[in-house]
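Take a look at the structure set out below.
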Amino acid sequence: MYRIETEDLNVYFGEDHILKDINIKIKANTVTAIIGPSGCGKSTFIRTLNRMNDVIPNFRHEGKVYFDGKDIYDPDVDVVELRKKIGMVFQKPNPFPKSIYENVAYGLRIHGVTDEEIIRKKVEESLKAAALWDEVKDRLDQSAFSLSGGQQQRLCIARTLAVEPEVIMMDEPCSALDPISTTKIEDLIHKLKKDYTIIIVTHNLQQATRVSEYAAFFLNGELVEYGPTEKLFVSPQDKRTEAYITGRFG
Amino acid sequence: MYRIETEDLNVYFGEDHILKDINIKIKANTVTAIIGPSGCGKSTFIRTLNRMNDVIPNFRHEGKVYFDGKDIYDPDVDVVELRKKIGMVFQKPNPFPKSIYENVAYGLRIHGVTDEEIIRKKVEESLKAAALWDEVKDRLDQSAFSLSGGQQQRLCIARTLAVEPEVIMMDEPCSALDPISTTKIEDLIHKLKKDYTIIIVTHNLQQATRVSEYAAFFLNGELVEYGPTEKLFVSPQDKRTEAYITGRFG
Amino acid sequence: MIKRRFVSPQIVQKIMNSILWASGILTIIILIIIIGYILINGLPVINLQFLTESPIEAGRAGGIAPMIVSSIYVTLTAIIVATPLGVGAAIYLAEYAAETSLIKVIRFTTQTLAAIPSIVYGLFGLAFFVVFCGLGFSLLSGGLVLALMALPTILYTAESSIKAVPESYREASLALGATKWQTIYKVVLPAAAPGIATGVILGMARALEEAAAVMFVVGSATDMPYTIFDPGRPLPLHLYLLAVEGISLKNAYGTAAVLVILVLLITITTNILIEKHREKMMGR
Amino acid sequence: GQKKSRIQIAGSTSVQPVAEKLAQAYTKKHPNVKINVQGGGSSVGITQAKQGTIDIGTSSKDLKPDERQGLSVYLIGRDGIAIIVNKNNPINDLSKSQIRDIFSGKIRNWKEVGGPDAKINVITREAGSGTRKSFEEVVMKNEKIRGDAIVQSSTEAVKQAVKNDPNAIGYISLAHLDESVKGISVDGVPPSEKTVADGSYPIARPFLMLVKGEPKDIVKDFLKFVLSPEGQAIIKSEKVVPVNQCPPTIVQKYDNSKLR
Amino acid sequence: MKDEELFVKRILLLTALSTIIILFLVIIFIFKESIPVFTEYGVINFILGTKWNPTGTPPQFGMIPLIVGSLALTLLTLLIATPFSVLCAIFIAELAPSTMRKILKPVIETLAGIPSVVYGFFGLILLVPFIRTHLGGTGFGLFTASLILTIMIMPTIISISHDAIRSVPLEYKEASLALGATHWQTIKNVILPAAFPGIVVGIILGMARAIGETLAVIMVAGNVPQIPHSILDPIRALTSNIALEMGYATGLHYSALFGTAVVLFIFTLILLLIANYFQHKTRVRIGGGYL
Ligand SMILES: Nc1ncnc2c1ncn2[C@@H]1O[C@H](COP(=O)(O)OP(=O)(O)OP(=O)(O)O)[C@@H](O)[C@H]1O
Ligand SMILES: Nc1ncnc2c1ncn2[C@@H]1O[C@H](COP(=O)(O)OP(=O)(O)OP(=O)(O)O)[C@@H](O)[C@H]1O
Ligand SMILES: [Mg+2]
Ligand SMILES: [Mg+2]
Ligand SMILES: O=P([O-])([O-])[O-]
């Protein structure tokens, strides 16, 4: 069984047809890269997978999205539970206007953990997993805004890890980061791969080849090509894929 | 004589040292590409060339910036004249909330042109030069916001052309555009090259090779390498340049 | 993750949902009942005669035409005086002033002006405009007092809408070789216009509804005023006197309804105008 | 013939309705004259008249000697002050001393004056009100109105309060008395224009018009109109006692006779 | 060109300075008229006096009952108005369907523009009798006045709080939801704290309106210059004191009413300073960036 599977998924924002007949099957514990030029629907796609698009007033979808075999748009699905299981990291680092510590603790607190000792441990653990602990351990009380962009992004990853999701989706997590931060986050993805199913949106094709096992190329809301990363980059089946990966646009 | 020349240019925002000892010489009627990862100072650099950074309260510079042999930071330089000569197109298309026509006419009006006939001619000419005329000629009265992103970006270019600058600087003009718009703008750059000196910031390395004759690689505020584009991409002198153009970060 | 709470967040969510709906609806109902009550009692009083005639016997009979004219005079005076001052100051604060101590002083001053009770403005108007400046009891004195009261509202709203104009517009203009003032005048102000208009409307609404501040300065003559140098009696003051002096409860309801309708009309038309402007600018 | 001119009147809000009626009648006869009647309060009338910024000031209370300096003061009528209770209150008659004790707080329950067992809610006017001043002078003498009495800012507000509260007592201008409340007898005398006029009803106060120095031209003409039978008839129609029905000893105190 | 720029800048500076000039004029003219009461009656006697009886012999001009009255009225009003307004703002911003919000927003704005006299009139006709029959007393008093003021300032607080809530970046909300927080948890833990400074602005403006309201309060508060012992007791606010007696006052009494305006002015100034401090503190506490 696939962890995530879509069947003829179509997404509309009001009149606009944003995603067209998307069929994709994602195995557990793999890293899938979503690539494609700006505006092709990458973000919309992953936001459909954890029903984040529900907050957009005129969002509408057709088709099915299965998570562990269950359609997540079924009326009896608990969205809160779903989002707990499918964590998400956004393109722009978006820490809360709270302290570093409270940012990571946030997820635990809302899920009912009150024992401060457990929270403290989990915060440390998550920050370590996100390769941020050493840099912030002496300033956990400081505002998250005092961190650099790369650190903020890793903080957001730590915040996501803290609630122990099964899937982590990242929307261009490195696009605003410097080389060193980028390297750190890529290393992190390598480390997380064995425990989590990871979906990463990126505009950096080299990054896609470095971190992912599968790659999906979106264009104008269509899934043009999907398969093992190496195959997609070395011998693309579709002309448009080839044009894109050779840098003819985007 | 070079059109633009910097001599040990250092730029600070408050305490932050953003640009470090930049020495660059740009010939007239060439296209120079500025490349480098996010935050390395590309935008800051080109904004220093038309004194756009003056609007930032804690901006400070050291060193010289010559435009046609004259230091633009001399007290007797008329900034308004300078900016007229060095046009600029921004990363995100930023048309004014006015009609298409008024967007292009704006520069003429502020420079004292009142004859509507002259303005009309110039608007048409500029829109033609920006390869936008055919698409908008029947709807000049409509809001500029009714255009697509790519059209808006070309409108911004037309707006810049209308005031007849000598240099055009573009800050990642295609980063938010679809493939077709990107191609149109690249074609446009090729066309403009013979009349204007062009500086283009881009994160798309293929684009840099396609449009530019010279390339400058920035990293952490330093100008790591500068030279003919082909040479820089084929046989980079610096390890960091090589790492970057082979996609190891960014 | 283990749950360690007896009431699940989902349940809390449901409870809070109900509380929010209940309090939201309740508040709105209460507020609407008041309007409804005024309108139900006041609308039957309103007819052409009521709107176009002068009051007879201090308002026991007849209409409220001079009060409508008085209200228009004082409100317009207030807006005409306060708008250039408020918008000018807003431009200065938003575009020219760095965070100097002068700015802090002006900001605190504006806050203070906004917080001064209207009755204090009334006393000031009496001592300054009426007596010191020799304007006497007149609609001009009233309008000037109201201008002072509307000023902070206009200033504050205009400042924040000017600040909300994207930096990219300014940069685009400057990059084309525009001077700072050209940029402000031709790009920033048009883009901020809807917000500034809202501020002016709010200031206008404040001037239109004020009774206490004008009580001691307009004189409360019931005659039709011809110029702003005449004394007059704006609608809210008329309402207060009618209700409190017990001249006519029926006409008090009518006057209240006219005021409510005026406020409604102003809000609705400006909303429409602003929407139109936005549509034209943004193409949506 | 006559060129257009204007008279400015300001002052007591109690006098204002009467003054407006007078002005209307006068301008009907003299279309070239325009009269503005404004409120502001008696003291506004006094000070503005003194400064000469208005032509005629009005007051619903007597002037102190120093206030009167430099002013011509004309009595245009007298207004009674009615003691009112709720219509459901069985009390019809109180003595002046009972009223005094109620307002000073010595009597606090209606049953002490023969009514039901209920607390008395005392309603008074604000300090400085002409009505209150006259009430205090005639009824309270040296006693003070109890400190926790509800203060209402106008005649009608007092009337509203008494109309709605079965246990309330208050006092208002006789001109405003109507069936919505009950005006009780004082020492057996019911409040009416007649009893005020003949002096048997004890609580009343003057309505005054004030002019700086001597009145001239149209101002003088207007004042003459006010004191003429026609003007006095208007005053009477407003339930104010006209001057010719007031005791001459009172009229003597003012400058009415000098107007001729 | 340069000259014109400078000229414009000067003019604009002048308009900005006009606020300072106006404030100075207000202060000078209000203080000037009040000097007699301070010099002849005495600052201490005036501000700390416990009796207001301007027509007594000798007249007494003690401010304490009025200060207490205004203070109690303001606090009680805020106590009632704040929770309801904030809940209502949350409802409109976060829960109400978008068509409902589009209707409610202008309705609330209209309500904020309804003349306060209308509210006072409503209170006099309906609320006073209601309170008397159901809660006792005369119906005029602190509680009635608070309710009227509450109704009056709620639209202000709702409208500003609503804007503050709506302007919290969507990113925060999404980040919280993406972690599996419920909507209410997100509102409570992320949206409200981030909107807090804006909500405080709304409360301050509402408070300023409550303190400054004159005529509506006169109509329902009972206007007794006394220190209230229960919330049903009648009180007199500083503003009411001025409006009630201004028409008749002369001499020292006139000056004492301008003195009341001075006290009122200082009163608002103090509250403003407290509010500023409070707002500043919450800003700093909330995070590195100003929100
Ligand atoms: N809330 C929305 N309402 C309407 N249209 C939207 C909305 N969000 C996105 N879109 C549109 O949907 C399309 C896909 O957007 P999406 O953000 O998914 O692109 P993307 O591939 O993530 O682009 P990028 O690389 O720039 O992030 C775009 O045309 C965009 O304009
Ligand atoms: N106004 C400012 N004040 C302080 N620091 C600034 C300011 N603008 C930019 N910086 C800093 O200057 C550095 C260079 O920024 P710049 O925008 O020039 O980078 P860039 O190369 O254009 O990046 P990108 O590709 O993301 O546009 C960054 O570290 C940025 O944080
Ligand atoms: Mg995206
Ligand atoms: Mg940049
Ligand atoms: O002067 P009065 O309003 O009390 O009649």
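Model, not experiment: these values are computed from the prediction.
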Pairs touching residues 194-206 of chain C that satisfy side-chain hydrogen bond (donor to acceptor under 3.5 Å, both in side chains), sequence neighbours left out: none
Greatest number of heavy atom pairs closer than 4.5 Å to chain C - which of B:Glu102, B:Lys85, B:His111, B:Gln142: B:His111
Set of residues satisfying side chain to side chain contact (heavy atoms under 4.5 Å, CB included) with respect to B:Thr114, sequence neighbours excluded: none
Contacts under 3.5 angstrom, residues 155-169 of chain B side chains, donor-acceptor by atom type, not counting sequence neighbours:
{"residue": "B:Arg159", "atom": "NH1", "partner": "B:Asn94", "partner atom": "O", "Å": "3.2"}
{"residue": "B:Arg159", "atom": "NH1", "partner": "B:Asn103", "partner atom": "OD1", "Å": "3.3"}
{"residue": "B:Arg159", "atom": "NH2", "partner": "B:Asn94", "partner atom": "O", "Å": "3.2"}
{"residue": "B:Arg159", "atom": "NH2", "partner": "B:Asn94", "partner atom": "OD1", "Å": "3.1"}
{"residue": "B:Thr160", "atom": "OG1", "partner": "B:Cys156", "partner atom": "O", "Å": "2.9"}
{"residue": "B:Glu164", "atom": "OE2", "partner": "B:Lys122", "partner atom": "NZ", "Å": "2.5"}

Side chain / backbone / both / neither for B:Leu82 at chain C, heavy atoms under 4.5 Å: neither
Mutual orientation of the aromatic rings belonging to B:Phe96 and C:Tyr169 [parallel < 30°, tilted 30-60°, perpendicular > 60°]: perpendicular
Residues of residues 61-73 of chain B with any heavy atom under 4.5 Å of a heavy atom in chain C: none
Donor-acceptor under 3.5 Å (B:Arg139 side chain, B:Ser146 main chain): yes
Salt bridge flag under 4.0 Å for residues B:Arg120 and B:Glu116: no
Check against side chain to side chain donor-acceptor pair (under 3.5 Å), B:Arg83 and B:Asn50: CA-CA 6 Å; B:Arg83 294 198 185 129; B:Asn50 68 345; 5.4 Å; no
